[in-house]
Amino acid sequence: MTELKTTPLDALHRRLGARMVPFAGYAMPVQYTGIMAEHAQCRSKAALFDVSHMGQGVLTGEGAAAALERLTPADVAGLKPNRQRYALLTAEDGGILDDFMVANMGDRLFLVVNAACKDEDFAHIEAHLPAGVRLAVWTDRALIALQGPAAEGVMARLGPAAVVLPFMGVAEVAIAGIPCLVSRSGYTGEDGFEISAPAAEAERLADTLLADPDVAPAGLGARDSLRLEAGLCLYGNDIDRTTSPVEAALTWTIGKRRRSEWSFPGAARIRHELENGTSRLRVGILPEGRAPARAHTTIHAADGTQIGEITSGGFGPTLNAPVAMGYVRRDLSADGTAVALAVRGRMLPARIAPMPFVPHRYKR
Amino acid sequence: MSELKFTKDHEWVRLDGDVATVGITDHAQTALGDVVFVELPEVGREVAAGEACAVVESVKAASDIYAPIAGKIVEVNGALSDNPGLVNASALDEGWFFRIEPTDPAAVADLMDETAYAAYLETL
């Protein structure tokens, strides 16, 4: 077994008594006090997550946006300065290589990609850059997410310049004197900030944020239950190389202009699917009763025919009920459709349901 | 009340007369985290020692609960349906899972006592 990597906040996690687990090659905190409490903390006040395992990089040079557009269906060139966008890296066959964030920082594009994909993503991007565009992978940075309704108030005290940012706004902001790159975004459905900071200052930054009475640490466990309630995809579960953006109901990430140019990897399949529909779609699923239905649970029609599979499933602490998402046959994907989930040899009733399960509370 | 006995699967067993009550240990509930759902066996079911006969689900994952001894399920803890958190709050008491009429009550004596279980936990 290879040695696990650690984030710049490793000592902090151990000091806070986190339960550490391996995730994407890193030792990461899955919980500190308990997933339910940490989930509730994020929905009611503010939670601090270490997401330093994620990949951060910067593209510079003339034509950086055009270069990135050769790898994603997103409108990167049309991204206004100090704005960020959710985007997909697509393969030539239309599958999804990763989902990521791209921010226009004026003279450069700032990228945040998934931890498990970062080496491949950056190699893929690097391999497709024209002369004059350079990728710098930031390996000496931490990424801290501060999420929840109290996050704005905390930021007003510690990094007031960030408070004026709207949802998906990005700016360089000093927090407690530490130069940070802050975006108003997250992975919980709540208002909040993602803060990129120099690794050497990360622990001091986290301690400063945690000293606020409204802030408590939260681990990957709560991060997963929060994003599932918010209907947000987890790469590797809900989207991967076999799912297309149209099947994944992520058509909205494809820029309008890009839909007339069709100049991105997988354009042929994606165009065909946009015009003719797909055979399956990603949907929300609400099991009746209290039993969670986990990933890989098969989904069945009333007559027992298998019509799909759950890709993420668990318990939603805010809903106080099980929640799931997965792919089903398109003709049975309408909200309210009754389906059955095969859990431990029994068929549990469930319904196709709109997402998010818990309304987003972004500051638009 | 008789003494608690323990299994390597982190169940506890308490034999009172000819009925054994079964639950999971404090170590097990801590490792699982917040319990959100418990699936209990049918009353009347005959189970073999080591047979999976209940499921406990935390926010993150599902885990099997095994019958520590062979016998017949005679009662289940209905309170867990409404309040699965009892498993966390009171693992050794109100969070019990089921009661079993042992095929061989002497089988309970063969399980680990508290000292042996504590020593076993040290080896994990």
Side-chain angles (χ1 to χ4, degrees), chain A residues 17-23 28-43 218-229 234 237 287-297 310 312-324 341-348, chain B residues 9-10 24-48 50-67 73 76-91 94-98 121-122 124:
Chain A
R19 185 182 301 173
M20 305 298 284
V21 296
F23 182 83
M28 296 297 293
V30 65
Q31 65 170 60
Y32 300 84
T33 54
I35 295 175
M36 299 277 251
E38 291 164 29
H39 183 112
Q41 170 76 23
C42 183
R43 292 264 185 257
L220 293 183
R223 185 167 159 83
D224 191 52
S225 55
L226 289 157
R227 70 91 195 167
L228 182 54
E229 284 186 340
L234 171 61
N237 277 40
E288 288 169 20
R290 309 248 336 149
R294 309 286 175 179
H296 308 301
T297 300
I310 285 176
S312 284
F315 191 81
T318 302
L319 284 185
N320 190 29
V323 288
L341 309 175
V343 176
R344 291 185 288 273
R346 248 178 288 172
M347 285 294 185
L348 301 184
Chain B
D9 296 316
H10 308 288
I24 66 169
T25 65
D26 192 57
H27 170 85
Q29 71 81 15
T30 304
L32 284 168
D34 299 311
V35 172
V36 297
F37 178 75
V38 177
E39 188 175 287
L40 295 165
E42 299 262 317
V43 171
R45 177 173 156 189
E46 297 277 352
V47 294
E51 183 179 335
C53 63
V55 175
V56 57
E57 302 238 18
S58 68
V59 181
K60 276 206 81 69
S63 309
D64 284 321
I65 303 300
Y66 303 94
I73 305 292
V76 297
N77 186 0
L80 297 183
S81 316
D82 293 332
N83 190 3
L86 283 175
V87 176
N88 298 115
S90 182
E94 289 177 71
W96 63 278
F97 278 56
F98 50 83
L121 288 181
E122 291 294 317
L124 299 182

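Residue numbers begin at 1 in each chain, while the letters A, B, ... track the order of the sequences.
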Does a side-chain N-to-carboxylate-O contact under 4.0 Å join Glu38(A) and Arg19(A)?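 Not counted as a salt bridge, because no side-chain N and carboxylate O are separated by less than 4.0 Å.
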
Run the side-chain contact (heavy atoms from CB on, under 4.5 Å) test on Phe97(B) and Val87(B) for me, step by step, so that the C-alpha distance in whole Å, both residues' side-chain angles and the decisive distance to 0.1 Å come before the verdict. CA-CA 9 Å; Phe97(B) 278 56; Val87(B) 176; 3.9 Å; yes

Counting heavy-atom pairs under 4.5 Å to chain A, which of Pro84(B), Ala61(B), Ser81(B) comes out on top?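 Going by pairs under 4.5 Å, I would pick Ala61(B).
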
Check whether Asn77(B) reaches the backbone of Trp96(B) with its side chain - one donor and one acceptor, N or O, closer than 3.5 Å.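 Here the side-chain-to-backbone pair exists.
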
Arg294(A) side chain to Ile310(A) backbone, donor-acceptor under 3.5 Å: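 Not a single qualifying donor-acceptor pair exists.
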
With a 4.5 angstrom heavy-atom cut-off, is it the side chain or the backbone of Val55(B) that approaches chain A, or both, or neither?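 It is the side chain, since no backbone atom gets that close.
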
With a 4.5 angstrom heavy-atom cut-off, could you sort out which part of Glu39(B) is near chain A: side chain, backbone, both or neither?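 Contact with chain A: side chain only.
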
Measuring heavy-atom distances to chain B, does Arg290(A) have an atom under 4.5 Å in its side chain, in its backbone, in both, or in neither?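 Its backbone and side chain both get close to chain B.
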
Under the salt bridge (Lys or Arg N to Asp or Glu O under 4.0 Å) test, which residues partner Glu51(B), sequence neighbours left out?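 In terms of salt bridge (Lys or Arg N to Asp or Glu O under 4.0 Å), with neighbours along the sequence ignored, Glu51(B) is linked to Arg45(B).
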
For chain B, which of Ala222(A), Ala291(A), Gly316(A) has the most heavy-atom pairs under 4.5 Å?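 The candidate making the most pairs under 4.5 Å is Ala291(A).
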
